[in-house]
Amino acid sequence: MAQEIKKGTPKDVFLHLLAVVTLYVSVVAFITLWWQYINTLFPDPLLCGSCVYDPIRLAMAALIVVFPIHILIAWLIGREFRADSEKREIRVRKWLWYLTLFVAAVTIIIDLVVLINNFLRGDLTIQFFLKILIVLAAAAVVFSYYLWDLRKRRGASDKPKIIAWTVGAVILASIIYGFFLIGSPATQRAKRFDEQRINDLSIIQNEIVSYWQQKAVLPVSLDNLKNQISGFVPPADPETKQPYEYEAIAQLSFKLCATFKTPFTSEMITQVYPYSPNSNWNHARGRVCFDRTIDPQIYKPNASGAPVPTPVPLKY
């Protein structure tokens, strides 16, 4: 007589569906995290070097939140199995587990096809090979574990615990490396403040140049840049709320100063707006001044008949 397939309760559907969803999210986050690590360890000149930080932060956040939930759900399911071993045969579990096997198998097949295709084309770079290897390893682990779990019947086994501890250790090490790479949350906050400082200085610089184009003279102080019609007010330091330092050092030269908490990194370039490739905002930690000289051939004064001043030092 054929064995009757046990039906699952709403609780079983909830637990198994949540287990599969958290598994998929964890695997995608893990692969994304290591793909970005590969991009930083083996930088590609055709890729944006600073564009890896946001995906790393998002993947780390997903793993920190979702993977522990997956472990908890797997433990709850295991407890249900120990209380009633017949629950291993419920329909929802078999459907979801076989669906996971299908996704893992298709991923492995596509991964191998792409690997061989690129090998035949001669495009097998170290970055590409490592990324393919990450996807293949993740899919192989998922496929082999769920295939073993489906074949398992009754009886206790330490294999799930060993796999859980091993995978957990790998993911924990991956997250820790991410903190070493992008810095702690406090460091990230300090970088965000410095990005805002660069953005503010860039805006002030543009306003100074515009002021000179309109009046053929540099402003005496940043207060001269205030405009009641446009509503422009020179921004202040986002953290201390103190005004930035400004000094006109010649008829065409000036300097802007700010105090930074972190050294300049390429990540900040993508955050600065408006950003000009002719502007140099590289800085160390601490108080840094940026010397600027207006080129009247590039930044021409408005057509008002005002002569272009000769760049001679100011006397105080």
Side-chain angles (χ1 to χ4, degrees), residues 48-54 182-183 186-316:
C48 172
S50 61
C51 298
V52 302
Y53 295 103
D54 283 340
I182 68 175
T187 301
Q188 288 298 305
R189 181 171 177 80
K191 287 183 177 180
R192 295 290 297 275
F193 274 123
D194 286 345
E195 290 167 5
Q196 185 60 49
R197 291 183 179 101
I198 296 175
N199 185 72
D200 291 344
L201 293 177
S202 180
I203 292 174
I204 293 173
Q205 173 182 277
N206 290 342
E207 290 295 326
I208 291 173
V209 173
S210 177
Y211 184 96
W212 179 85
Q213 289 178 308
Q214 297 291 334
K215 301 186 178 183
V217 63
L218 290 173
V220 176
S221 69
L222 294 182
D223 288 338
N224 296 129
L225 299 178
K226 294 181 179 179
N227 191 316
Q228 294 182 349
I229 297 178
S230 66
F232 177 78
V233 176
D237 186 284
E239 189 173 15
T240 66
K241 307 305 180 183
Q242 297 297 314
Y244 293 103
E245 298 179 51
Y246 161 77
E247 181 184 356
I249 56 180
Q251 289 183 331
L252 292 175
S253 300
F254 62 93
K255 67 178 180 180
L256 291 169
C257 304
T259 301
F260 297 94
K261 295 294 185 67
T262 61
F264 182 86
T265 62
S266 59
E267 180 184 3
M268 296 179 180
I269 294 177
T270 60
Q271 305 297 330
V272 176
Y273 177 83
Y275 178 78
S276 170
N278 296 323
S279 299
N280 182 4
W281 299 110
N282 291 339
H283 60 78
R285 183 178 180 180
R287 181 178 179 273
V288 179
C289 292
F290 304 93
D291 295 324
R292 299 289 188 253
T293 299
I294 299 174
D295 186 343
Q297 302 302 319
I298 298 177
Y299 303 98
K300 298 182 182 296
N302 289 344
S304 59
V308 176
T310 303
V312 296
L314 295 176
K315 295 182 180 179
Y316 296 96

*Can you name the nearest heavy-atom pair linking Y211 to L218, along with the distance?*
CE2-C, 3.9 Å
*Indicate yes or no: at least one non-hydrogen side-chain atom of F260 is less than 4.5 angstrom from one of H283.*
yes
*Return the minimal non-hydrogen interatomic distance between A248 and P219, and the atom names on each side.*
CB-O, 4.2 Å
_Quick one: does any side-chain atom of D194 pair with a main-chain N or O of K261 as donor and acceptor, under 3.5 Å?_
yes
*Rounded to the nearest 0.5 Å, what separation is found between the CZ atom of R189 and the CD atom of E239?*
7.5 Å
_Return the CZ to OG1 distance between R197 and T262, rounded to the nearest 0.5 Å._
8.5 Å
_Straight-line distance of L222 CG to E247 CD, nearest 0.5 Å_ = 11.5 Å
*Closest approach of D237 and Y244, non-hydrogen atoms and distance?*
CA-OH, 3.6 Å
_Please list all pairs meeting disulfide (SG to SG under 2.5 Å) that have one or both residues in residues 193-263, counting only residues at least two apart or in different chains._
C257-C289
*Report the distance from atom CD1 of I198 to atom CG of N282, rounding to the nearest 0.5 Å.*
8.5 Å
*Just wondering, do D291 and S253 contact through their side chains at under 4.5 Å, heavy atoms?*
no
_Can you classify the ring geometry of F290 versus W281 as parallel (below 30°), tilted (30 to 60°) or perpendicular (above 60°)?_
perpendicular
*Heavy-atom distance under 4.5 Å between the side chains of K255 and R292, does that happen here?*
no
*What is the distance from atom CZ of F254 to atom OH of Y246, rounded to the nearest 0.5 Å?*
7.0 Å
*asked:* With heavy-atom distances below 4.5 Å as the criterion, would you say the side chains of W212 and P296 are in contact?
replied: yes
*In plain terms, say whether R287 and E245 are close enough for a salt bridge, that is, a side-chain N and a carboxylate O under 4.0 Å apart.*
yes
*asked:* Strictly distance-based, threshold 3.5 Å: is any side-chain N or O of N224 a donor or acceptor partner for the main-chain N or O of V220?
replied: yes
*Going from CD on Q213 to CD1 on I294, what distance comes out if it is rounded to the nearest 0.5 angstrom?*
7.5 Å
*L256: which of I208, D200, V288 passes side chain to side chain contact (heavy atoms under 4.5 Å, CB included)*: I208
